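Notes to accompany the following structure.
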Amino acid sequence: MYVPERVVTNDDLAKLMDTSDEWIQQRTGIRERRFVEPGQMPADLAQAACEQALEAAGLEVDDLDFILLATLSSQHDFPGTSFFLQEQLKAGNVPCIDLRAQCSGFIYALNFADGLILSGKSRRVLVVGCEVQSTGIDLTTEGRDVSVLFGDGAGAVILEANEDEDDPAGLLNATVHAEGKHARRLWIEAPSSGHAPCRLTHEMIDKKLHFPSMDGRYVFKHAVTRMPEVLRESLAAASIKIDDVDLFLFHQANLRINEFVAQKLEITPERTFSNIERYGNCSAASIPMLLAETARNGKLKPGQIVALTAFGSGFTWGSAILRW
Ligand code: UT7
């Protein structure tokens, strides 16, 4: 994983808008987040995370067959972020794509990587979640309900075909869902290719349509229902009992959402791990960042079962079960 060095505390945000450290911590659990410095691009964050993943796996970039990059904050709408990452990794002609499923993007990407590997089309797939959100949020009082939540960061994993019958490690299941009728409850309205004759006008900018808007309570209610539901579904598909899971890693959108989910499933705090207090909501990057931190700090050990669950704009949601 990689996060930019610049730390932005809740008190720093309170200098820009009418908010407070107390409000943000109480409602979300966030204390600080990281923002990029001018000139630092999404592909730079992704590159740092991917190089660490390659090193940890003892692999070279030439060993990769596919690069899947999940993001909601692409470096350029056209063509995205993954192509710049591919260039920076010096990955030759390795195919790459951006995958867009917002905060559930990493789980969606695991699902795709699983398909590529099981079909025999790819042997090793680099899956990266990467977000630079700080450049796209309204840092005034008008945008405070959304802008205090988000942070910048990247995380990466490498999936490899495992033909060793004596080695049970791997992705046991990835289940994903979507329900597009809620898409306008958490979205960025402009630019849009459906706005003729021009995708982005001065008027749209004046109306702040280029910033995310969210019906927070509506999103919250759906998240606390869908996350336990899909987690149970994915566990059943993997034939794993909830009591056999060593570690639950939930998308870091709001600590209160995750406490609700844990309570519903009767999961004790020792079986979870959070980093939202330090990084905020890093959307598609949040789950691979959790994997990286828990693998490094010893909370996630080889052979353990880890359950991942996310919910996000679209609406999208999903869960994946891995034996580490
Ligand atoms: O990752 C993608 C998915 N996103 C999510 O899962 C986010 C889900 N939603 C949430 O996490 C919560 O809805 C929020 C944290 C965004 C908001 O918490 P809430 O308890 O639902 O607050 P609210 O929106 O109902 O607002 C309560 C009050 C309002 O003031 P009034 O109308 O009661 O006077 C807001 O204007 O808090 C005010 N408020 C703020 N005050 C200080 C909203 N944002 C802020 C802020 N600082 N940053």
Side-chain angles (χ1 to χ4, degrees), residues 8-33 70-73 100-108 129-134 136-153 155 176-180 182-188 208 211-230 249-262 264 274-277 279-290 308-319:
V8 177
T9 64
N10 293 343
D11 286 333
D12 291 332
L13 293 182
K15 290 176 198 144
L16 305 172
M17 62 184 84
D18 180 13
T19 190
S20 65
D21 179 43
E22 193 192 359
W23 192 98
I24 301 171
Q25 283 212 46
Q26 264 181 13
R27 305 272 174 145
T28 71
I30 301 167
R31 278 193 280 117
E32 58 190 42
R33 71 286 293 139
T71 189
L72 62 75
S73 54
R100 302 192 39 174
Q102 298 62 252
C103 298
S104 315
F106 183 75
I107 309 275
Y108 266 73
C130 170
E131 305 289 0
V132 171
Q133 316 202 78
S134 57
I137 46 180
D138 181 5
L139 291 166
T140 71
T141 300
E142 228 179 310
R144 65 183 180 176
D145 60 326
V146 176
S147 58
V148 300
L149 305 175
F150 288 126
D152 302 340
V176 290
H177 294 289
E179 197 171 24
H182 308 292
R184 292 168 195 81
R185 300 291 187 144
L186 175 52
W187 71 329
I188 298 180
K208 299 196 171 190
F211 289 132
S213 75
M214 173 173 75
D215 184 341
R217 291 195 171 189
Y218 190 86
V219 176
F220 195 107
K221 270 201 320 217
H222 283 258
V224 296
T225 307
R226 293 305 195 181
M227 288 171 70
E229 197 179 274
V230 73
L249 298 177
F250 301 123
H251 168 53
Q252 305 285 288
N254 183 328
L255 195 59
R256 281 170 50 223
I257 293 180
N258 295 347
E259 285 169 355
F260 258 88
V261 174
K264 262 193 186 173
S274 291
N275 58 18
I276 192 171
E277 68 280 3
Y279 304 128
N281 178 351
C282 295
S283 296
S286 81
I287 288 185
M289 284 166 59
L290 287 168
L308 317 173
T309 309
F311 181 89
S313 154
F315 289 162
T316 53
W317 61 100
S319 195

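Numbering of ligands and ligand atoms starts at 1, following listing order. In this text the structure is predicted, and so the values were computed from the model without any measurement.
Interface atoms of ligand 1 facing N281, defined by a heavy-atom separation under 4.0 Å, are 1 (O), 2 (C). Close approach of ligand 1 to R27 is summarised as follows: ligand atoms under 4.0 Å from at least one heavy atom of the residue are 19 (P), 20 (O), 22 (O), 27 (C). Taking every heavy atom of V148 and a limit of under 4.0 angstrom, the matching atoms of ligand 1 come to 48 (N). With ligand atoms numbered from 1 in the order given, ligand 1 contributes 8 (C), 9 (N), 13 (O) to contacts under 4.0 Å with heavy atoms of G216. Close contacts between ligand 1 and H251 involve ligand atoms 1 (O) [criterion: under 4.0 Å to a heavy atom]. Taking a cut-off of under 4.0 Å to the non-hydrogen atoms of L186, the atoms of ligand 1 that pass are 2 (C), 3 (C).
Applying the side chain to side chain donor-acceptor pair (under 3.5 Å) test to N275 and every residue at least two apart in sequence or in another chain returns E293. In this structure, the ring-ring contact (aromatic ring centres under 6.0 Å, His included) partners of F260, at least two apart in sequence or on a different chain, are F220.
Inclusion of R217 in the set of residues having an N or O under 3.5 Å from an N or O of ligand 1 is warranted. The shortest N or O to N or O distance between S20 and ligand 1 is not under 3.5 Å.
In this structure, Q102 has no heavy atom closer than 4.0 Å to ligand 1. Ligand 1 does not have I24 within reach: every non-hydrogen atom of the residue lies 4.0 Å or more from it.
For the pair T141 (side chain) and M17 (backbone), a donor-acceptor distance under 3.5 Å is absent.
Salt-bridge check for R226 with E229: passed, with a basic side-chain N closer than 4.0 Å to an acidic carboxylate O.
With a 4.0 Å cut-off on non-hydrogen atoms, V146 does not touch ligand 1 at all.
Residue, atom and distance of the protein heavy atom nearest to atom 47 (N) of ligand 1 are T19 OG1, 2.6 Å.
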